[in-house]
Structures are given as C-alpha cells and as structure tokens.
Amino acid sequence: MTILDVTPIARLTGEALVVVVPAASPFKTMADLVAQLKKDPKSVSWAGGSAGGTDHILVGQIAKANGVDPRQTSYVAFAGGGPAQAALLGNQVSAGVSGYGEFEEQVKAGKLRALAVSSEAAQHNVPSLKEQGINIVLWNWRGVFGAPGITTAQRDGLVALMDKMVNGPAWKKTLETRGWEGIYLTGDKFGEYVKQNVADTTTILKDLGLAS
C-alpha cells in the first residue's frame with residue numbers, strides 16, 4: 001500500500017524546512033555552506049530527523065542541485081529536533097535541517113544562524129533557497145485523503161467540505177495561531193501534485209542509496 005492507493009481530497013498546510021548553522025560557524029551564508037559542500041562533501045555534516053525523512057531529502061536535493069553526489073553527503077539522523085539542536089549547539093555538526101519551529105527559539109536567541117528556508121519565498125526574515133539560486137521548493141505538507149474506490153460524487157462532496165472549512169474564520173484563525181502555512185490544493189490538481197511528489201521523493205531516495 002502506498003499513498004497512491006487512496007483518494008486525494010485536499011492538501012491543507014505546509015511547513016517549510018530551514019537550514020541552520022551554529023552561531024560561531026564559519027558559514028555566514030548558504031553560498032558559503034554550498035561552496036564547502038562542493039569542495040569536500042564529507043566535511044559538511046548535517047543534523048536532521050530520521051534517514052530518508054524530509055530533512056534528509058532536502059540535504060540530498062541541495063547536494064544534487066549543486067552537482068554533488070547525494071550519497072557523498074554526511075547526514076547524521078537524530079530521533080527529533082531536540083537532539084539535533086543539541087548537536088548543533090555543541091558544535092558537533094556543521095549544519096542542521098528541520099521545520100523552522102524546531103529551531104526558532106535558538107535562532108531568535110542568536111545561538112543558531114538561519115541560512116535558508118525551503119519555501120518559494122522568504123519566511124521569518126530568512127531568504128529561500130530559490131531566492132539564493134538553488135531551485136528547490138520543499139514542503140513538509142499535510143493533507144486529507146479518502147478511502148480507495150469512493151465515487152466521484154463522494155470525493156466532490158469531501159472537497160466541498162474542505163472548501164467550506166478553509167474559507168471559514170475558524171480555520172483562518174487556526175492557521176494564524178499554529179503558525180501554519182496554508183497551501184490549499186484539491187481534487188485532480190492535488191492528485192497530480194501527489195504523483196509528482198512521490199516520483200521526486202523516490203528519485204532522491206534512490207540518489208541517496210535508500211531505495212532501489
């Protein structure tokens with residue numbers, strides 16, 4: 001069973017990832033980090049979540065976009081943002097990748113420096129990878145799916161329900177309160193997005209040596 005076996009209803013929210021380095025790092029910009037990655041991939045260690053997860057995928061995409069073999073990257077998988085943050089603050093790794101919320105307090109405190117976010121445009125006063133010449137947009141997204149085999153009428157009814165929800169004041173307030181990015185997409189367009197997302201993810205996992 002894969003995500004392609006269920007019925008896409010709506011993509012609701014997305015969280016951009018952020019690339020950070022310790023405050024004392026010699027890498028002042030994303031360009032500095034990429035330059036060292038291209039020079040010696042193994043010399044740049046990346047802290048993030050589980051192997052093959054969204055954090056790891058972004059590291060692989062950054063390497064590939066800059067002509068570096070993703071398998072040459074030095075990725076250190078941690079159980080979550082907390083342990084990864086501890087490694088960064090202890091200067092045990094070169095850089096870290098996670099959702100912005102995981103590192104926000106330490107970035108604001110000046111203990112970590114945010115170099116880039118994976119959204120289309122800048123967020124939290126941090127420039128996007130795309131704005132810095134690295135053509136990558138990656139969302140850790142959340143969506144709603146229906147059971148496999150539901151009728152077109154049933155699917156359309158669920159999409160209509162999502163339409164009503166996202167246009168209501170409660171949802172808009174929830175987005176604001178939670179700090180979520182609304183990236184609403186429904187029906188066939190969402191289905192196409194899921195297929196492309198699965199294809200892109202499969203490709204980079206193969207490039208990382210994590211899928212066959």
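All residue numbers in this chain count up from 1 along the given sequence.
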Does [X] share a hydrophobic cluster with [Y], counting links as ILVMFWY side-chain heavy atoms below 4.5 Å and allowing steps through other members?
| X | Y | result |
| --- | --- | --- |
| Val44 | Ile57 | yes |
| Val97 | Ile136 | yes |
| Val20 | Leu37 | no |
| Ile134 | Val19 | yes |
| Met30 | Val126 | no |

May I have the list of side-chain donor-acceptor pairs in residues 11-18 shorter than 3.5 Å, sequence neighbours left out?
unit_1: Arg11; atom_1: NE; unit_2: Ile183; atom_2: O; d: 2.7
unit_1: Arg11; atom_1: NH2; unit_2: Ile183; atom_2: O; d: 3.1

Go through the structure and list residues passing ring pair (Phe, Tyr, Trp, His ring centres under 6.0 Å) with Trp141, not counting sequence neighbours.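 So Trp141 forms a ring pair (Phe, Tyr, Trp, His ring centres under 6.0 Å) with Phe190, Tyr193.
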
So which atom in Pro127 and which in Ala122 form the shortest heavy-atom distance, rounded to 0.1 Å?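 Looks like CA-CB, 3.9 Å.
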
Indicate the atoms forming the closest heavy-atom contact of Ala77 with Ala51, along with that distance.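 Closest approach of Ala77 to Ala51: CB-N, 3.7 Å.
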
Would you say the side chains of Gln196 and Asp200 form a donor-acceptor pair under 3.5 Å?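 Note: Gln196 and Asp200 side chains meet the donor-acceptor criterion.
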
Under 3.5 Å, is there a donor-acceptor pair between the Ser128 and Gln123 side chains?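 Per modelled atom types, Ser128 and Gln123 side chains form no pair under 3.5 Å.
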
So, do [X] and [Y] sit near enough that their side-chain heavy atoms are less than 4.5 Å apart?
| X | Y | value |
| --- | --- | --- |
| Phe145 | Thr7 | no |
| Ile62 | Leu58 | yes |
| Val198 | Thr202 | yes |
| Arg113 | Lys28 | yes |
| Ile9 | Thr186 | no |

Just grab all the salt bridge (charged side-chain N to carboxylate O under 4.0 Å, His left out) pairs involving residues 122-151, residues at least two apart or on different chains.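 Residue pairs with at least one partner in residues 122-151: Glu120-Lys130.
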
Quick one: side chains of residues 147-168, donor-acceptor pairs under 3.5 Å with protein atoms, not counting sequence neighbours, listed by atom name and distance.
unit_1: Thr151; atom_1: OG1; unit_2: Gln154; atom_2: N; d: 3.0
unit_1: Thr151; atom_1: OG1; unit_2: Gln154; atom_2: OE1; d: 3.3
unit_1: Gln154; atom_1: OE1; unit_2: Thr151; atom_2: N; d: 2.8
unit_1: Arg155; atom_1: NH1; unit_2: Asp188; atom_2: OD1; d: 2.9
unit_1: Asp163; atom_1: OD1; unit_2: Tyr184; atom_2: OH; d: 2.6
unit_1: Asn167; atom_1: ND2; unit_2: Asp163; atom_2: O; d: 2.8

Rounded to the nearest 0.5 Å, what's the gap from CG on Asn197 to CD on Glu192? Could you check?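 CD of Glu192 is found 13.5 Å from CG of Asn197.
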
Value rounded to 0.5 Å, distance of OG in Ser119 from CH2 in Trp139: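 Here the rounded value is 5.0 Å.
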
Side-chain atoms of residues 78-96: list all donor-acceptor pairs with protein atoms under 3.5 Å, sequence neighbours left out, distances to 0.1 Å.
unit_1: Gln85; atom_1: OE1; unit_2: Gln106; atom_2: NE2; d: 3.1
unit_1: Gln85; atom_1: NE2; unit_2: Glu102; atom_2: O; d: 3.2
unit_1: Ser94; atom_1: OG; unit_2: Ser45; atom_2: N; d: 3.0
unit_1: Ser94; atom_1: OG; unit_2: Ser45; atom_2: OG; d: 3.3

Scan Thr29, Leu112, Leu115, Asp32 and name whichever one has a side chain to side chain contact (heavy atoms under 4.5 Å, CB included) with Val21.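 Only match with Val21 under side chain to side chain contact (heavy atoms under 4.5 Å, CB included): Leu115.
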
For residues 204-211, which side-chain N or O atoms pair as donor and acceptor with protein atoms under 3.5 Å away, sequence neighbours left out?
unit_1: Asp207; atom_1: OD2; unit_2: Lys64; atom_2: NZ; d: 2.7

Atom CG of Asp5 with >12 non-hydrogen neighbours under 6.0 angstrom: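 Above 12, so yes.
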
Please indicate whether Lys42 has more than 12 foreign heavy atoms, meaning atoms of other residues, nucleotides or ligands, lying under 6.0 Å from its NZ.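 Counting neighbours around NZ of Lys42, more than 12 heavy atoms of other residues, nucleotides or ligands fall under 6.0 Å, so yes.
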
Could Glu104 and Lys108 be called an ion pair, given the rule that one side-chain N must be under 4.0 Å from one carboxylate O?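 Yes.
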
I'd like to know if the side chain of Asp69 reaches the main chain of Arg71, judged simply by a donor and an acceptor atom lying under 3.5 Å from each other, with no hydrogens or angles considered.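 Answer holds: yes.
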
Taking Thr73 for the side chain and Tyr75 for the main chain, is one N or O donor matched with an acceptor at less than 3.5 Å?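 No: the side chain of Thr73 does not pair with the backbone of Tyr75.
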
Would Val117 and Leu129 satisfy side-chain contact (heavy atoms from CB on, under 4.5 Å), going step by step from the backbone distance to the final call? CA-CA 6 Å; Val117 288; Leu129 290 164; over 6 Å; no

Show your working on side chain to side chain donor-acceptor pair (under 3.5 Å) between Ser43 and Gln36 and close with a plain yes or no. CA-CA 8 Å; Ser43 70; Gln36 183 60 33; 2.8 Å; yes

